[in-house]
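Everything below concerns the one structure shown next.
First the proteins, then the strands, lettered A, B, ... as listed; each starts at 1. Below, all heavy atoms of this structure are taken into account, side chains as well, without hydrogens, waters or symmetry copies.
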Amino acid sequence: MSEQVVTRFAPSPTGYLHVGGARTALFNWLLARRAGGVFILRIEDTDQKRNTPTAMQQVMDDLRWLGIEWDEGPEVGGPSGPYLQSQRRDIYDRYVRKLLDEQKTYYCFDTPEQLDALRRRAEAEKKGFAYPRPEQFPDESDAAKARAEGRSVTVRFAVPRSEPLVVRDVVRGVITFAPGEIGDFIIQKSDGFPTYNFACVVDDFLMRITHVIRGQEHLMNTPGQQALWRALFADAPPPKYAHMSVTVSDTGGKLSKRERPKAMRNAIKAMQDISAEALAGIGNISAEEFADFISGKTTPDMVSIDAMAEFLGVQLPEINIVDFFKSGYLPEAVVNFLALLGWNPGDDREIMTVEQLLESFDLSRLTKSNSLFDRKKLLAFNTEHIRMASPEKLIQHFKDYLKLIGSPVLAADDELLSRLIKICEGARTLADIERKSRFLFLKRDEIEYDDKAVEKVLLKNDGLAVLVEVREKFAVTDDFTHGRIETILRSLAEEKQVGLGKVAQPLRVAICGSTISAPIFDSVEMLGKEKTLARIDWTVEFVKGKAQI
RNA sequence: GGCCCCAUCGUCUAGGCAGGUCCAGGACACCGGGUUUUCAACCCGGCAACAGGGGUUCGAAUCCCCUUGGGGCUACCA
């Protein structure tokens, strides 16, 4: 029997791909690639209410950005399609029918209120809730009658109670659930759609999945799913299950999409004198919605949150994969970091390429305990991956990044881009490189002068006077090259018996508006004589005007 | 409340299954110093952990039990 490994990533399309999902996808992909197997992307869109139309595309884009390609799934097809569960309803219906005929499942007609009451009673009695299975299962005529009366009809799986349910987990070993502990769960909803627990089992079988790597939040689903598997596919061996540790946030609890709205809310609360009305306008939500958001009652969608954050200049914690892209991270760094969240190669290696991860990945080295998402470590990884990346790759990533954020640096040709990248050696993110370079591509009136920089560097310590001297020296040289510029600045500093910083900083602020830029000699050379002189003139004028006020 | 999982530096972890080689190793963070035209990067040094309590054993971070703490699930969500 061929032992081909088949894994899958099965997201529900409710929004962007977030770090937790990306890690799950990565581990499954790594295992499949490592084993020369098949990696499937399956979209679990069985909840009509939660699906968002653009989510599937977003998830696919994000996976591809990370370099995770699927062998079967949307857009690429495959022998077990369709890969959207919403398009497989007839398949699920057949299996529900089979189970119904075999008396392994039964119809239910409860209202939400009735179920609620049942749960409350269990809680009051300090017992776990398990649906009370009827002595006699309702038959087809009962179901037909209920439907005719407009009552909701669901189908529940009668979970075997003769013996404990035993789950063998790759990470956690043998886990035993007492008989009756896992209650009869719904496999078909009243709208006719299958539930996750059912569709998942059917599809894992039909798509011949051999390994399921997923988050620990699914551990409690496993005994039920395995029981279902035995009821449906007794002859086929179930997939091996590996439940990974959960990634927790530094603010406590499972890392989730709520992180960003939460941070936004806190930021708004911490701010003085901001107009609720204006902000609501920015976020394109009503005043009521805004008030509800601040009070914690509701959460606007991500577009609103992002718009408000951008308007207020608030840096929200990255949580979706696309957030990291926007912040200037390299996919290689994100992949590397994600891989080490709950897994390690068993030696001291940390910075690893995808190829190295592929060589080393092994299910037996998944860790059991939860891990905290440490952004600072990711930053360190990113710094290292920028350093390691080949010039070709880095320039491509940089261009993708510039395009994404709509940077003026996009105007640069490849030669200039590679020079910018080179002189910004040591950058932590692509955003650093962009920030240090963009002044070259701005018109004079687009440059924003940082008040503090002007104050500290130009108004104090004769900064302005030094700047004027620099201008005079620059004006009389025709050789406006890196070497010449360096000579001019260094000799001026020497002449004045001051450090180079005293000369370079005023010039830096003059040409880019801030104390942070690419190295000064390169910056001046790239900007060119004409623009440099013009910016100095403009700055001198601007600062003089400011000093008078 | 019920069920389940987990527990080594601030954080991610190695070591644990096959107890002595671990007065616990690495990385990030942090602190101090160096380098320096800014921000970074870089170099050197330092701080820092086996949750607590019982066992088992000649010997326990490693095995067992309890306590405590953290997390997950408890939906006609996935």
Polar side-chain contact A:Arg508-B:U37 base: donor and acceptor under 3.5 Å: yes
P spacing across the pair B:G15 / B:C22, given as an integer number of angstrom: 15 Å
So what does A:Arg387 touch, heavy atoms closer than 4.0 Å: a base, only the sugar-phosphate, or nothing? sugar-phosphate
Quick one: label A:Lys49 by what it contacts on the DNA or RNA (base, sugar-phosphate, nothing), any heavy atom closer than 4.0 Å. sugar-phosphate
Is there a donor and acceptor pair closer than 3.5 Å between the side chain of A:Lys377 and the base of B:A27? yes
Please give, in whole Å, the distance from B:C28 P to A:Leu338 CG? 19 Å
B:A78 base to A:Asn197 side chain: any donor-acceptor pair below 3.5 Å? no
Write down the distance separating the P atoms in B:A29 and B:U11, rounded off to the nearest Å. 15 Å
Would you measure the distance from the C1' atom in B:G16 across to the matching atom in B:U21 and give it in whole Å? 15 Å
Within this structure, what is the CZ-to-C1' distance between A:Phe381 and B:C12, rounded to whole angstrom? 8 Å
Might you work through the ring pair (Phe, Tyr, Trp, His ring centres under 6.0 Å) test for A:Trp229 and A:Phe205, ending with a clear yes or no? CA-CA 8 Å; A:Trp229 183 287; A:Phe205 170 76; 5.8 Å; yes
Contact class for A:Asp169 vs. all strands (heavy atom < 4.0 Å): base, sugar-phosphate, or nothing? nothing
Any donor-acceptor pair, under 3.5 Å, between the side chain of A:Ser152 and the base of B:C76, if you only look at N and O atoms? yes
Could you go through nucleotides 4-8 of chain B and list every protein N or O atom that sits under 3.5 Å from one of its N or O atoms, giving the distance for each pair?
from: B:C5; atom 1: O2'; to: A:Arg172; atom 2: NH1; distance (Å): 2.3

I want to confirm an ordering. Mapping A:Thr195 and A:Gly501 to their closest nucleotides on RNA chain B, which one lands closer to the 5' end? A:Gly501
Using atom C1' in both nucleotides, what's the gap between B:C23 and B:A49 to the nearest angstrom? 13 Å
Taking any heavy-atom pair under 4.0 Å as a contact, classify A:Asp347: base, sugar-phosphate, or nothing. nothing
Using OP1 and OP2 only, check whether a side-chain N or O of A:Lys376 sits under 4.0 Å from B:C12. no
Hey, is the side chain of A:Arg119 poking within less than 4.0 Å of OP1 or OP2 on B:C76, counting only N and O atoms? yes
Distance check, C1' atoms only: B:C73 and B:G32, in whole angstrom units. 47 Å
Classify A:Phe521 by what it touches in the nucleic acid, base, sugar-phosphate, or nothing, heavy-atom distance under 4.0 Å. base
Flag yes if more than 12 heavy atoms outside A:Lys456 fall under 6.0 Å of its NZ atom; otherwise flag no. no
When all nucleic acid strands are considered with a 4.0 Å heavy-atom cut-off, which category describes A:Arg42: base, sugar-phosphate, or nothing? nothing
B:U13 phosphate, OP1 or OP2, under 4.0 Å from A:Asn344 side-chain N/O: no
Tell me what A:Gly215 touches on the nucleic acid: a base, only sugar-phosphate, or nothing, going by heavy atoms under 4.0 Å. nothing
Rounded off to whole Å, could you give me the CZ-to-P distance for the A:Arg120 and B:G1 pair? 19 Å
Classify the nucleic acid contact of A:His218 as base, sugar-phosphate or nothing, counting any heavy atom under 4.0 Å across all strands shown. base
Mind checking if A:Arg50 touches a base, just sugar-phosphate, or nothing, with heavy atoms under 4.0 Å? base
OP1 or OP2 of B:C39 less than 4.0 angstrom from a side-chain nitrogen or oxygen of A:Ser514, does that happen here? no
Determine whether any donor atom in the side chain of A:Glu350 lies under 3.5 Å from an acceptor atom in the base of B:G26, or the reverse, and answer yes or no. yes
